[in-house]
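Each remark here refers to the structure printed beneath this line.
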Amino acid sequence: MTIHRFEIYGEPVDFVDCREVAKGFASILRGWEVSEVPHDPAIPAYVTFCRAGGIYDWNTPWLKGRNRRDDNPSLDLMEAVCDFHYEFIDWFTDRNPAHFCVHMAAVEFGGKAVLFPAIQKAGKSTLALHCVQSGFRLLGDDVVAIDGGTSEAIALGLLPRMRLPLHPSFGPGFVDFIGRQAGLSDKRWRYVSLIEGQIAPYGERFPIGGVVILDRRKGMKASISHAPDSAALKALIDRNFGALGDPGRIFDCFRTLVRAADCRVLAYSDPEEAVALLAKTFGDASNPAREREHASA
């Protein structure tokens with residue numbers, strides 16, 4: 001048995017006979033401190049991964065009830081890395097009890113974060129990556145943190161994922177973009193390996209400029225309209241899964257946030273049309289030539 005210990009943002013993490021999981025997880029992080037260190041059995045690991053019997057197993061003894069489910073084992077590297085992905089979101093919520101974690105995507109427009117709360121089948125990740133293709137910077141495609149004191153958005157530095165196969169409605173330019181920046185993948189999912197300038201690193205903070213409720217419908221011509229603060233407030237509170245113990249603080253934080261933000265409803269079918277409307281509403285990319293430069297590199 002070989003144990004490889006890594007420190008990931010100061011947390012000891014052990015990989016037993018599965019160093020490939022450490023390398024895979026490091027590949028999806030942006031702005032995190034990751035280093036290999038000697039294994040010290042006197043210091044318990046935050047989480048331990050091991051490979052045995054053809055599956056990747058893991059456990060987190062510090063947090064009850066978060067061990068791998070026996071009915072859904074990780075059979076390949078991608079599944080193991082995805083497990084780890086969610087473990088470190090839980091780590092962030094545990095280590096930062098004053099912050100909220102919200103199921104949403106967020107993109108930087110004009111130096112501010114525009115939030116897209118997760119609504120089923122609304123295409124938040126697809127839309128966010130179309131924004132990146134057009135030169136905007138991603139904060140996150142699935143989870144973004146909110147500072148409960150300052151109401152700033154905080155990037156978690158985790159690469160976005162796309163479901164495979166890609167939808168046949170995607171344009172050739174977008175398909176090429178996703179293909180050129182393919183990261184760790186399996187038959188169902190692909191991490192999109194964004195680089196500096198395309199994704200905000202872990203811990204970078206942004207004032208919040210907008211909250212956009214997505215309404216994706218087939219054949220819908222893209223349009224953007226004002227949304228009532230109450231709708232934006234409900235969308236954020238419903239999708240918060242961090243710092244749940246103080247409902248009054250949750251309400252006050254998100255009410256302050258939406259009152260200061262430009263709250264909108266974006267109805268769309270074509271993501272490229274939607275990105276054009278978002279840019280017109282919230283500001284153009286700071287470097288619109290970025291994607292062209294990447295394409296020629």
Side-chain angles (χ1 to χ4, degrees), residues 1-103 140 142-149 154-159 161 183-184 186 189 191 193 196 199-205 240-246:
M1 181 176 69
T2 303
I3 302 176
H4 299 279
R5 171 162 288 187
F6 285 74
E7 279 193 354
I8 302 179
Y9 231 88
E11 301 286 354
V13 180
D14 288 346
F15 299 88
V16 181
D17 296 330
C18 60
R19 183 185 176 88
E20 68 276 11
V21 178
K23 294 177 64 177
F25 193 63
S27 77
I28 71 167
L29 301 176
R30 297 294 182 267
W32 291 65
E33 299 172 3
V34 180
S35 59
E36 189 165 9
V37 298
H39 177 253
D40 182 351
I43 300 174
Y46 156 73
V47 61
T48 299
F49 266 86
C50 66
R51 180 169 173 80
I55 66 171
Y56 292 96
D57 200 357
W58 55 274
N59 65 74
T60 53
W62 67 279
L63 188 59
K64 185 178 179 181
R66 284 294 293 147
N67 293 341
R68 176 188 58 79
R69 291 185 298 143
D70 291 335
D71 62 344
N72 190 23
S74 298
L75 299 177
D76 61 28
L77 178 59
M78 180 67 172
E79 290 181 354
V81 169
C82 288
D83 280 345
F84 210 173
H85 181 141
Y86 291 115
E87 276 303 300
F88 268 80
I89 292 173
D90 285 341
W91 165 83
F92 182 90
T93 61
D94 180 76
R95 299 304 193 263
N96 297 276
H99 297 341
F100 303 100
C101 281
V102 183
H103 186 200
D142 193 50
V143 177
V144 177
I146 301 293
D147 186 310
I154 306 171
L156 296 187
L158 293 165
L159 288 183
R161 291 181 301 173
L184 189 64
D186 62 11
W189 294 99
Y191 279 102
S193 189
E196 183 177 358
I199 184 170
Y202 172 78
E204 186 169 354
R205 292 166 171 264
N240 167 54
F241 60 89
L244 298 174
D246 189 343

task = Dump the intermediate steps for side-chain contact (heavy atoms from CB on, under 4.5 Å) on L158 and I89, then the final yes or no.
result = CA-CA 9 Å; L158 293 165; I89 292 173; 3.8 Å; yes

query = Any idea which heavy atoms bring I43 and P12 closest together, and the distance?
reply = CG2-CG, 4.3 Å

request  = Looking only at non-hydrogen atoms, find the nearest pair between A200 and E204 and report the distance.
outcome  = CB-OE1, 3.8 Å

request  = Looking only at non-hydrogen atoms, find the nearest pair between S193 and L159 and report the distance.
outcome  = CA-CD1, 3.8 Å

query = Stepwise, does the side-chain contact (heavy atoms from CB on, under 4.5 Å) test hold for L77 with V21?
reply = CA-CA 6 Å; L77 178 59; V21 178; 3.9 Å; yes

note = Checking F49, W58, W32 against F84 for ring pair (Phe, Tyr, Trp, His ring centres under 6.0 Å), the one that qualifies is F49

remark   = Rounded to the nearest 0.5 angstrom, the CD1-CG distance for I154 and N96 is 7.0 Å

request  = With rounding to the nearest 0.5 Å, note down the distance linking NZ in K23 to CZ in F15.
outcome  = 12.5 Å

ask   = Looking only at atom types and distance, does a side-chain atom of R19 sit under 3.5 Å from a main-chain N or O of V16, one as donor and one as acceptor?
value = no

ask   = So D142 and H103, side-chain contact (heavy atoms from CB on, under 4.5 Å) or not? Walk me through it.
value = CA-CA 6 Å; D142 193 50; H103 186 200; 3.0 Å; yes

remark   = So CE of M78 and CD1 of I28: to nearest 0.5 Å the spacing works out to 8.0 Å

message = Rounded at 0.5 Å granularity, tell me how far CD1 in I199 sits from CG in L29.
response = 10.0 Å

task = Compare all side-chain heavy atoms of F241 with those of V143 and state whether any distance is below 4.5 angstrom.
result = yes

ask   = With no hydrogens and no angle check, do the side chains of H4 and D14 hold a donor and an acceptor under 3.5 Å apart?
value = no

query = Taking all non-hydrogen atoms of both residues, which atom of Y56 and which atom of C18 are closest, and how far apart?
reply = CE2-CB, 3.9 Å

task = Determine whether V102 and V144 make a side-chain contact, defined as any pair of heavy atoms from C-beta on separated by less than 4.5 Å.
result = no

query = Closest approach of P201 and A155, non-hydrogen atoms and distance?
reply = O-CB, 3.5 Å

Main-chain N/O of D90 paired with D94 side-chain donor or acceptor, under 3.5 Å = no

request  = May I ask you to decide if H99's main-chain N or O and D147's side chain share a donor-acceptor pair within less than 3.5 Å?
outcome  = no

note = Value for CG (L184) from CZ (F25), rounded to nearest 0.5 Å, stands at 11.5 Å

ask   = How many angstroms lie between atom CZ of F100 and atom OG1 of T93, to the nearest 0.5 angstrom?
value = 12.5 Å

inquiry  = Checking R5 against T48: is there a side-chain donor and acceptor pair closer than 3.5 Å?
reply    = no

note = Residues D17 and R51: closest non-hydrogen pair is O-CB, 3.8 Å

